[in-house]
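To find a chain, count down the sequence lines: A is the first, B the second, and so on, and within it residues start at 1.
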2 protein chains.
Amino acid sequence: MVYTVGEMAKLLGVAPSTLRYYDQEGLLPFVERSSNGIRVFQDADYEWLQVIECLKKTGMPLKDIREFIRMAMQGDETIDERLELIVRQREAVRKQMEELQQTLETLDFKQWYYETARDAGTTAVPRNMTLEELPQQYREVRRRLRRE
Amino acid sequence: MVYTVGEMAKLLGVAPSTLRYYDQEGLLPFVERSSNGIRVFQDADYEWLQVIECLKKTGMPLKDIREFIRMAMQGDETIDERLELIVRQREAVRKQMEELQQTLETLDFKQWYYETARDAGTTAVPRNMTLEELPQQYREVRRRLRRE
DNA sequence: CCTTGACTTCAAGTTAACTTTAAGCTTTAC
DNA sequence: GTAAAGCTTAAAGTTAACTTGAAGTCAAGG
């Protein structure tokens with residue numbers, strides 16, 4: 001199966017202009033052209049685009065993704081480099097998940113805070129609680145927020 | 001304790017210009033000024049800034065954070081609204097974590113892929129494996145990547 | 001034959017979140 | 001008394017990742 005830029009964009013759920021922009025930025029060296037200059041996407045290209053999508057979700061900038069693609073085009077001699085890059089991004093994502101976990105804990109605390117405030121009619125109640133009055137799981141969070 | 005913009009920035013690990021920018025954007029209505037116009041940060045302001053930081057990490061744009069701060073300044077009548085916003089952000093973060101989890105699984109697959117390629121000397125080996133030859137935990141990932 | 005729709009390129013515009021620069025004020029240290 | 005450090009504002013500059021607009025090409029349908 002082959003696809004136009006519009007069809008591939010639809011498959012991926014992005015705007016066609018995004019794919020043209022990626023091509024312009026050198027991320028899509030694998031995309032071929034028909035005799036009259038129209039981009040011809042193959043099924044295999046879908047997989048490349050999914051990998052680009054994946055790396056983008058790790059927060060990697062497009063120019064670094066371009067380097068990864070460039071390496072992949074080089075062939076088997078760059079396997080080690082590519083492996084190293086993947087391992088590095090994996091660690092970056094693990095770190096991001098830990099940070100998000102902490103953010104979630106803060107929001108859990110805030111949710112409890114506003115539920116308590118709502119029930120009491122005023123934020124003064126949760127705000128002025130001592131650490132001992134605070135449910136155990138929120139103590140660490142409040143210590144962090146208040147630098148206590 | 002009171003702090004200048006530079007001291008507070010240091011505590012938070014951000015640039016002073018960032019705090020000035022936030023102030024300009026209306027995110028810091030709680031920060032007072034000394035007689036000669038210098039910003040005076042209080043300990044309580046540190047907590048506000050941590051909350052701003054937390055909301056920023058959820059991906060909330062600054063103008064929405066400003067609205068949250070504005071609500072908080074309104075007082076107890078906005079408790080319900082603020083609770084709702086927190087719950088919404090909490091759900092957004094849970095979703096982000098799920099997406100990151102999927103990204104991580106893709107990277108796990110790619111790591112295995114390149115380790116296998118390295119050991120074989122060519123990416124042709126992992127690439128041409130049938131679904132049955134593939135370790136079980138990677139089958140779903142490859143199906144997604146290849147739209148199989 | 002001609003209109004429609006989707007493709008092309010190139011250039012310019014957009015947005016968010018800062019950062020930098022310039023010009024000026026205040027306090028502290030020698 | 002003056003120089004340095006750190007504060008102020010306002011305005012302009014930066015960056016990434018797109019998006020939009022203009023002008024043109026091409027194939028299919030009525």
Side-chain angles (χ1 to χ4, degrees), chain A residues 1-42 45 48-69 89 92 96 99 103, chain B residues 1-42 45 48-69 89 92 96 99 103:
Chain A
M1 275 291 271
V2 302
Y3 311 87
T4 66
V5 69
E7 290 163 348
M8 185 52 90
K10 201 160 199 175
L11 278 185
L12 293 162
V14 304
S17 61
T18 304
L19 293 184
R20 294 201 187 95
Y21 171 68
Y22 286 179
D23 195 10
Q24 183 180 309
E25 292 300 300
L27 274 79
L28 316 182
F30 45 82
V31 174
E32 297 182 355
R33 300 294 184 114
S34 74
S35 55
N36 47 15
I38 289 179
R39 292 180 185 81
V40 179
F41 289 79
Q42 305 284 341
D45 298 347
W48 280 115
L49 285 160
Q50 290 287 10
V51 172
I52 289 172
E53 188 61 18
C54 170
L55 290 176
K56 222 161 47 99
K57 283 183 182 163
T58 72
M60 184 179 272
L62 295 188
K63 67 192 192 72
D64 292 0
I65 298 178
R66 174 179 57 202
E67 284 315 289
F68 177 77
I69 299 286
Q89 281 322 102
Q96 283 173 44
E99 283 194 30
T103 300
Chain B
M1 277 289 273
V2 302
Y3 311 87
T4 65
V5 69
E7 290 163 347
M8 185 52 90
K10 201 159 198 176
L11 278 183
L12 293 162
V14 304
S17 62
T18 304
L19 293 184
R20 295 200 187 95
Y21 170 69
Y22 286 178
D23 196 10
Q24 183 179 310
E25 292 300 299
L27 274 78
L28 315 181
F30 45 81
V31 173
E32 298 182 353
R33 299 294 184 116
S34 73
S35 55
N36 47 17
I38 289 179
R39 292 178 185 82
V40 179
F41 289 80
Q42 306 283 340
D45 298 345
W48 279 116
L49 285 161
Q50 291 287 12
V51 171
I52 289 171
E53 188 62 17
C54 170
L55 290 176
K56 224 162 44 103
K57 282 182 182 163
T58 71
M60 183 178 272
L62 293 188
K63 69 192 191 67
D64 292 0
I65 298 177
R66 174 179 58 201
E67 283 315 289
F68 178 77
I69 299 286
Q89 281 322 102
Q96 284 173 45
E99 282 195 30
T103 300

Using only side-chain N and O atoms of [X], determine if any of them is under 4.0 Å from OP1 or OP2 of [N].
| X | N | answer |
| --- | --- | --- |
| A/Thr4 | C/dC7 | yes |
| A/Arg39 | C/dT9 | yes |
| B/Tyr21 | C/dT20 | no |

**OP:** Anything under 4.0 Å to a heavy atom of chain A counts; send over the first and last such nucleotide of DNA chain D, read 5' to 3'.
**Re:** D/dA17 to D/dA27
Quick check: closest heavy atoms across [X] and [Y], and the distance to 0.1 Å?
| X | Y | result |
| --- | --- | --- |
| A/Asp45 | A/Val40 | OD2-O, 4.0 Å |
| B/Gly6 | B/Pro16 | CA-CG, 4.2 Å |
| B/Lys56 | B/Ile65 | N-CD1, 3.7 Å |

**OP:** Pick base, sugar-phosphate or nothing for B/Thr18, based on heavy-atom distances below 4.0 Å to the nucleic acid.
**Re:** sugar-phosphate
Original post:
Hey, does B/Pro16 reach any base, or is it just sugar-phosphate, or nothing, if we go heavy atoms under 4.0 Å?
Top reply: nothing
Subject >> A/Ile69 vs A/Phe30 side-chain heavy atoms within contact, under 4.5 Å >> reply: yes
Subject >> Gap between atom OG1 of A/Thr58 and atom CD of A/Glu53 - 0.5 Å precision >> reply: 10.5 Å
Original post:
Roughly how far, to the nearest 0.5 Å, is OH of B/Tyr3 from CG of B/Leu19?
Top reply: 13.5 Å
Can you tell me the distance, in whole Å, between the [atom1] atom of [X] and the [atom2] atom of [N]?
| X | N | atom1 | atom2 | value |
| --- | --- | --- | --- | --- |
| B/Gln24 | C/dC18 | CD | P | 13 Å |
| B/Leu27 | C/dC18 | CG | C1' | 13 Å |
| A/Glu7 | C/dA6 | CD | C1' | 10 Å |
| A/Arg20 | C/dA11 | CZ | P | 17 Å |
| A/Ile38 | C/dA6 | CD1 | P | 12 Å |
| A/Met8 | C/dA6 | CE | C1' | 17 Å |
| A/Tyr22 | C/dT8 | OH | C1' | 20 Å |
| B/Lys63 | C/dC18 | NZ | P | 16 Å |

Subject >> Pair A/Arg33 + A/Asp23: basic N to acidic O under 4.0 Å >> reply: yes
